[in-house]
Each structure stands twice: as structure tokens, then as C-alpha cells.
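Letters A, B, ... mirror the listed sequences (proteins, then strands); counts begin at 1.
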Amino acid sequence: MSKELAKAYEPREVEDRIYDFWLSGGYFHAEVDENKRPYSIVIPPPNITGQLHMGHALDETLQDIIIRFRRMQGYSTLWLPGTDHASIATEAKIVEAMRGEGLTKEEIGREKFLERAWEWKKKYGGRIIEQLKKLGSSCDWERERFTLDEGCSKAVREVFVRLYEKGLIYRGERIINWCPHCRTSISDAEVEFSEHDGHFWHLRYPLADGSGYVQLATTRPETLLGDTAVAVHPEDERYKDIIGKKVILPLVGREIPVVADTYVEQDFGTGVVKITPAHDPNDFEVGLRHDLPVINVMDENAVINENGGKYQGMDRYEARKAIVKDLEEGGFLVKVEPIKHNVGSCYRCSTTVEPRISKQWFVKMKPLAEPAIQVVRDGKVKFVPDRFDKIYYNWMENIRDWCISRQLWWGHRIPAWYCADCGETIVSREAPGACPKCGGIHLHQDEDTLDTWFSSALWPFSTLSWPDETPELKYFYPTDTLVTGYDIIFFWVARMIFSGVEHMHEVPFHTVFIHGLVRDAQGRKMSKSLGNGIDPLEVIDKYGADALRFALATGNSPGNDMRFTDEKLESSRNFANKIWNAARFIHMNIDGHDVKNELPAELTLEDRWIVSAFNTVAKEITENLEKFELGIAVQKLYDFLWDQFCDWYIELAKTRLQAGDETSTGARQVLVWVMTNTLKLLHPFMPFITEEIWQTLPHTGESIMVSEYPKYEESHCYPQDEEEMRRIMEAIRSIRNRRSEMNVPPSRKARVYIATAFAETFRKGSAFISRLAYASEVEIGESFDLPGAVTVVTADAKIYIPMDELVDKKAEIARLSKERETAAKQLAQAEGKLNNPGFMGKAPANVVEGVRAQAAKLSEKIALIDSSIQALQ
RNA sequence: GGACAUUUAGCUCAGCUGGUAGAGCAUGCGCUUGACGUGCGCAGGGUCACAGGUUCGAGUCCUGUAAUGUCCACCA
């Protein structure tokens, strides 16, 4: 880079080249290094079917910021990448693609289907990985994993067998959530509830002894086919004498009992409930308590089966219509009410879920949940922000057994075999040759696969080669931080915690850094159906990856959603350009000189000021990053670089640089030193531009990404100089302000007289006042007699600018009077405090001192203003 | 039904453990200032949702209210 280069930063010319440079340098690769402390993050593995969206971009950006920061701090950092096979989502896509060819998965069979799936993985699995690289993600690509690879599969089988042997995995007929479209069971977490308009059908069931009817209501009349009881509350006086009697199920004619169960609410509806154990989770429980028969009336397509009599073959909604019609004709329908009620649907395809009895595999959750709750209570796992603790506890404490079997082919096949000869179930890490019970060889493996989340739950250790005890596993586990959105706390985070505690006897990570959703400019969720999604790749192409990352980090507050706007992107792009131009300026001034990247022995006032300011910002940003306050860190970097360094220090330095004498050497060194160190602070956020510039400036080391993150240095604190610069800067600002008010262009220079008690300070600053406050000459003294000059009063000085012809005396007096008024108001406030015995007695000394100093300055200022007004009059 | 979050300048949001309200964008005025107009300088604009309370002092802590949003539960 040199001064001939483009005026504006061109990310497209830089990013791919820099990324290749990092890859070839091997900087992303992590090794076990006993001389360093480990720091590890496992990526939330994106689906192989996925395309990079803003949610990923945010998640990856946050992780990369953290991992780059820790790497520069000297940790041996591992960011372990990979992808998820996403059984249900991927299988759905493949099935859909096959439909285009007129094929179903049953037609081609399991083996051929899986061949297609692996081809799919080969074709698309790498796509999202390439997209992650565009963001600048510093993952250790040599350790990339896939949830269905050999190692992860081994871990899955190991866990399954262990849990089975411990009695924590069992198979049984239970009521589960069934998706008739995906034709598989899904877990409770995979059901989404939303409010629908429905109907409430009030029905009469005749008593078998002919003594009358019971009246009840239902939202799902078709389930009547599977009713095996009606229930009332045991203490309900209205129904005391029918408990134990029978009713005749309308249309079906079956006699079913009236049972008493406290599950029934007396004041809801009529206080009578129909019980369908096969198609309602609560009814299932009632059925268990009263030993009721379970009649499943629907098949896997939610079509009425052979138990449905004349309704067999109808789908559940057709059957509903037919049954309502028949009920009405039979005189069983009393009335129909409209009702709003919540209906569960499949989180993948949105089809209404059908609760259905089915034989499935389950994980017994209570014994796993308890220790998983404890590790959070003990602070071994911390949520950031910590309010997510509650959500986690609430879920874990009320958790039900986890249905883990899926009627899908793409996934980890359940390692259970059934003996055709004796019926034995064999759960084993490897396919058994013969039945251990009867010696039979007619074994058949369970057809089902495991919930995708079963394998993701093991991700923090399965990716580190567990169950093998490798040095990597020992060194990098537990991982340090997990970065993810609040939307998958239940699906993933909670399950990783209990899995880690159970199998590793150690939490999977110490911190869970939760972020929110990226919303569009109107605050709406980005979604395919709304078409309001913003493609991160297009953004990168237009603005650059650094601008995208910076925009995503700006205003980021843990756990909160954020809006993504073009303004934010433009502002970030402009910031990158600002950095670029600061670098260009430095080059214009150092090229051709031999400039060392170190602070000179002799520092000037402004040097000490910027060094001190840098020192403060380095300290604060490190603290912010350690506390995951990335948005705050971004803000401080932006302010420091733009406002302090560019708008002030560079402008101040020009005085020496343009003098061209030996004093300019010091300025060059300070410019280079502050700039390169600021680039380091900024590098985790904007990796590309910082590397590109850092390489062209004097530096030691191969890459900024493996340089040392700046640390707070006691020796770089110059509070005295900061105070002096503050005085000078205030004077400059005040003069500019006055000139601007009077519309004096910068080209119109004027003499400036400064009457001050800090003559020494202002003497040091007089060149700056000339340059930045457009003074032709600066005179400093104790007082001046310049009636009629424009007067500017700061806390430390009274400044005269003789521009008589520009002064409107009346306006000037009015302005000064107004200024006096506000000063007097502030003074009164301060004095109020000082006269308040409560304040004086209880406020800390430094606060009291501050107020006292302020009061003194104010009364001085008022005196100065008064004398100015007098002079004008 | 329960829980949580948000409410601060026209817009988007900062404001950590309480000490006289900030930024970006937008607006207005001025500027060919030898890095940058994707820029520079200056300005205007806020009873910090509302009502109480704690405190010498509250945007910040406590209680309640309202609006908005999210999650959990699922009474058929």
C-alpha cells in the first residue's frame, strides 16, 4: 500500500487474498500446547442443507471475535467447525427432490436412499462451510467434523448403549407427537403451539341404563372413535351417582365406563370429559390410572384405520366432517360454539401434530436433568445474560421423557436388534452375530434412526474423539464458551449440558453466550415467506466482510434481538474507509523514512495524551470482551479511532510533521505505534482490513492475528497530560463554536488572546490553537484589555478574538447574558449541594470535591463573563 | 395461566456495580482545511413510558400500572 493507492478501501481486492494468507500460515490450527492455556469453542453446526443467513453471520461473527481475541491473548485456541446431518430437514429435501423424478423413498429402498443422501451431503455440505470462510471465520478446518461421520457415530452408539445399560433408555408404547406429513414421531420440543380458530362441539352420550344423557364438549369429534371412557371429577356432586355406570358411545355403540379422576375441572364446560387414551396425552394418563383400553384409530398418515368402522380410509378432517354430520343426524349434537384454542404443529413442516400411541425409544429424563440443573445452580455453567437461567430451570424441572426414535432413514440407526427366534432385544455397539439369549441368528436391526439432536447433544466431546481418551479431549474439554441463539436452548444447549455431565462427568462449557435474532429494518423476523431476508454474501460483496461483522457487532447486547439496517452497514463501511485513510495518511508521512514501531524516548504533550487515551481504551475493551459486552467494545473502538485518533491526534501531529524537522520523527513513531496497536484492538472485529494495513506498516511478526493483544500499561498513564489537553481542546472547540456562530470561514484567520491561569499549558498548545482554531497568532497572558473583541469563556480561560467588524455588540451581550444565566443556574445547583448537610455528611469525599471544584470554576466563569459584558457596554 | 424482556433525542440504540443524559443516522448552518465529501467543523433536539418508594442524590435500586414483544404451560 502506498499513497498512490485508491482513496477508498476496496474489500473485494483484499479479503480472499488475506484469507488464503491466513490458511497457508496455518494460524487457525490449534494444537495441544502445555505451555499455553487452552481456549475452545465448538461451532453450532449448521445444517448441511443450509445456506448462510444473517443468523449464522451473527453467530459466527461473535464466535470469531471471541476466538481471535483469545488467540491474541496467547491462549491455544480451538474453534472447532462442522456440520449437522439434520435428519428430518435433509430427508425432507431429498424426498422432495425425488418427487420431481416421480420416485418415493419406499420405492427405491433404504440403501439407495442413503446413497442419495450421502451424495447430497457431498454436494451441499461444503457449501455453507465455504460461506463461513467468506466471513473471515478462523476455524480450525483441519478438525472439521460432521455429526454423521464415523467418530460421531461411534460416540452416539456408545452413549446409547451406556444409557440403555443404565436403564435410562427404554422402548415402549407411549403417546407421542406424530407428524403425519413427515411421517415420524417428534419430541415435545419440536412441537410449536399457535392459536387457531376452531369449534367446540357439545355432545350427548346416552347412559346405558336409559336413565338419560351426559353432556360434554370436544374440539376434536373424530377422536370419539377411540373413546374408552368419560370422566368426571370425583367430588362433583352433579355426577356422583353416575360414576361407575356405563354410557353408550354415539355412532360406535360401544359401552364405555364413567370414571372419576381429579384431572377433570369441575367448572370447565359441563365438567364431563371424553377420554381418548390413544390420541390425547392427558387422556393417556387418565387411561393408565383407570386401566382403560387404548384404541388407536389413525394410521401414520392420520387416516382413520380399521378401528374406525365406516370412517376407515378418511383422513382426520374428512372424518371430522362426516362424524359431526352423523352426530347431528343421530341427535347427539347439542350445539356448536366457535373457540380459539392452541394447536400444536411440526416445527419443520407446520403440519398439525397428531398425538398418537406408538412404540418408540425414550430417554428417561429425571435422573439426567437433576445434575444438569445443579451445575447451573453451582455456577459451573453460566448463561450470559443470566436471566436465561430461569428459562433453563423451568424447562429442566418440568421435563418429560425424550422421544428419540424417528421413523426416518437419514440419521444414526438405532443400535438395537430383535431376535426373530426368541424376541430378545439386543442393544450393542456393534452388530451382534447371534442372539446372546437363544443363539438364534435371525436378528433384525431396529428400522428407526435417532433424533438429530441426540448426536448434536454430544458435539462438544464427540468432536474431540470421545470415547477415545485423546490428548485433545483432555486439553480442550470442557470447552470455554458456547455461542448460540436463545431459540435453541432447549433443543441443544440443555441437552449438551446433561450429556456432558453424564458422559464426561464435566460440564461441556463454562459459559453460554446467548444472542438474539437479527431482524429486518422494521423489526420483523427475517423469513423466507416474508422475503425480507438479507443475504450476508451479497452484503459482503457490496460492503465487505469487515463492514458486515462490524455492523452485526454494533449495539450487540447479549440475549437481545437486533435490527439490521442499511444505515448501520453504511456507517460500518465508512468506518473501514476511515481506517484506510488514516493509514494512507500515515504512509504519506512515513514512507521514505526509517520508522521504528516503538514509542520515542521523548514524548510531547499530545503524544502522552493519545498514548494515555489508548491505554485506557485497551484496558476497557479487554474488560468488555471478557464480559461479552461486544457492542460496548465496538462503540469505544469507533470513538477512539475516529474521534480521538483521527480527528484530534492526527490533526495535532500535522503541526510537527509539516515542520519537517527532527521533531517529526517522534510524531511518526507515535502515529505508527498507536495505529498498529489500535489495529490490534480492532482486529477481532474487522480482521481483513486490520491485517491488510498492519502488514504495510512497520511491525514485527508474521500476522496481526497472532500478535499480542495490547495490554494496559501502568507506565502509559498520563493523567496530567490528559488534563492539559482537555483544557486546550476545550479552548479550540469554544473558539470554533464562536466563529461558526458568526459564520466566519476557516480561511479568515484571526489573532487569539488567551487570558488564563494555565499559561504554561496554553503555551504548549498554542500551535494547536493556531491550526485547529484558525488563529493567525496566539498571545497568552494573565489578562488583556481588549474591549469590543469577540469573547469566549471556558472553564480555564478567557479568550479574545478581535474581529470588531464582525461583532454585533447587542447580540454579543445577549449571548453572554444567556451563557451567564446557565452558568448561574449550574452554580446554584452546586451550591445547593454544598449547603446540604445530608450531602456533605454522606456523599463520598471525591464527589464532594468534584462539586466544590465545579462551583469554583463556575463562579470564575461568571466573573469573566461579567467583565466581558461590562467591557461591551 | 406463568415467566422474562423492552419502553431514553425525529429514527436505531448505548448508558457496567446510583453522583449534573450519550453515539450513529436524520435535520440545519458553514467548509476545495495537502488522509478521507464514505470527509471536516459547528448547532438544534430528551419532565429517560407512568405512579409511588428507598436515598443527601434515581435513567440507574425497590413496588405497582400501562403498552409492545418473546418463551413456557395447554381446560377436554
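- Residue A:Asn836 places no side-chain N or O under 4.0 Å from the OP1 or OP2 atom of B:rG57.
- Residue-to-nucleotide proximity on RNA chain B shows that, of A:Asn624 and A:Lys568, the 5′-proximal contact is made by A:Lys568.
- For A:Asn556 (side chain) and A:Leu630 (main-chain N/O), no donor-acceptor pair under 3.5 Å exists by modelled atom type.
- Put simply, the side chain of A:Leu203 does not reach to within 4.5 Å of the side chain of A:Val334, judged on heavy atoms.
- Where A:Arg519 and A:Pro746 meet RNA chain B, the nucleotide closest to each residue was compared, and A:Pro746 sits on the side nearer the 5' end.
- Residue contacts shown for A:Pro844 include a base, since a base heavy atom lies under 4.0 Å away.
- For A:Trp642 and B:rC40, the shortest distance from a side-chain N or O to OP1 or OP2 is below 4.0 Å.
- For B:rA14, the OP1/OP2 oxygens have no side-chain nitrogen or oxygen of A:Lys636 closer than 4.0 Å.
- Taking every heavy atom of both residues into account, A:Ala775 and A:Val752 meet most closely at CB-CG2, 3.6 Å.
- Within 4.0 Å of A:Ser557, counting heavy atoms only, lie sugar-phosphate atoms of the nucleic acid but no base atom.
- Comparing B:rA35 with B:rU68, their C1' atoms are spaced 46 Å from each other, to the whole Å.
- Around atom NZ of A:Lys857, more than 12 heavy atoms belonging to other residues, nucleotides or ligands sit under 6.0 Å away.
- In terms of polar N and O atoms assigned as donor or acceptor, the side chain of A:Glu651 comes within less than 3.5 Å of the base of B:rA35 in a complementary pairing.
- For B:rU7 and B:rA14, the P atoms lie 7 Å apart once the distance is rounded to whole Å.
- The residue A:Tyr263 sits close to a base: some heavy atom pair falls under 4.0 Å.
- Distances shown here put a side-chain N or O of A:Arg736 below 4.0 Å from the OP1 or OP2 atom of B:rC42.
- Taking every side-chain heavy atom of A:Arg387 into account, B:rA5 is the closest of B:rA5, B:rA35, B:rG19.
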Under a cut-off of 3.5 Å for both distances of each Watson-Crick or G-U pair, what dot-bracket string does RNA chain B give, using [ ] for crossing pairs and | for inter-strand pairs?
-> (((((((..((((.....[..)))).(((((.......))))).....(((((..]....))))))))))))....
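- Here B:rG34 presents its C1' atom at 11 Å from NZ of A:Lys7, a figure rounded to the nearest Å.
- Residue contacts for A:Asp561: at a heavy-atom cut-off of 4.0 Å it reaches no nucleic acid atom on any strand shown.
- You'll find that the side chain of A:Asn574 is closest to B:rG39, out of B:rA76, B:rG39, B:rG15.
- Comparing B:rG41, B:rC36, B:rU6 by their nearest atom to the side chain of A:Arg584 picks out B:rC36.
- The side chain of A:Ala8 lies closest to B:rU38 when the candidates are B:rU38, B:rU33, B:rA76.
- Spacing between B:rU60 and B:rG34 at atom P, rounded to whole Å, works out to 48 Å.
- Look at A:Lys274 and you won't find any side-chain N or O under 4.0 angstrom from OP1 or OP2 of B:rA76.
- Here the shortest heavy-atom pairing between A:Met54 and A:Ile534 reads CG-O, 3.6 Å.
- Closest to the side chain of A:Lys390, out of B:rG24, B:rC4, B:rA5, is B:rC4.
- Taking the side chain as every heavy atom from C-beta outward, A:Thr228 and A:Val294 never approach each other to under 4.5 Å.
- With both ends at atom C1', the span from B:rC13 to B:rA26 equals 14 Å, rounded to whole Å.
- If you check every strand for non-hydrogen atoms under 4.0 Å, A:Lys833 touches nothing.
- Side chain of A:His196 to backbone of A:His341: no donor-acceptor contact under 3.5 angstrom is found.
- Note on A:Gln635: only backbone sugar-phosphate atoms sit closer than 4.0 angstrom, heavy atoms only; bases stay farther off.
- Neither OP1 nor OP2 of B:rC36 sits under 4.0 Å from any side-chain N or O of A:Lys578.
- Using a 4.0 Å heavy-atom cutoff across all strands shown, A:Arg733 reaches sugar-phosphate atoms only and no base atom.
- Side chain of A:Asp639 to backbone of A:Asp643: no donor-acceptor contact under 3.5 angstrom is found.
- Residue A:Asn342 is in base contact, counting any heavy-atom pair closer than 4.0 Å across all strands shown.
- Comparing B:rA76, B:rG24, B:rU38 by their nearest atom to the side chain of A:Ser571 picks out B:rG24.
- As judged by a 4.0 angstrom heavy-atom cut-off over every strand, A:Glu567 is placed among residues touching the sugar-phosphate backbone only.
- Annotation for A:Ala667 and A:Leu657: closest pair CB-CD2, 4.1 Å, computed over non-hydrogen atoms.
- The P atoms of B:rG46 and B:rG22 are separated by 14 Å, rounded to the nearest whole Å.
- Between the side chain of A:Arg563 and the base of B:rU12, no donor-acceptor pair under 3.5 Å is found.
- Among the atoms of the strands shown, base atoms are found under 4.0 Å from some heavy atom of A:Ile650.
- With both ends at atom C1', the span from B:rC4 to B:rA43 equals 42 Å, rounded to whole Å.
- The gap from the P atom of B:rG53 to that of B:rA58 amounts to 12 Å, rounded to the nearest Å.
- Considering only heavy atoms from C-beta on, A:Phe550 stays 4.5 Å or farther from A:Ile689 through its side chain.
- Atom P of B:rC25 sits at a distance of 14 Å from the matching atom of B:rC42, rounded to the whole Å.
- For a distance-only test at 3.5 Å, the side chain of A:Asn737 fails to qualify as a donor-acceptor partner of the base of B:rC42.
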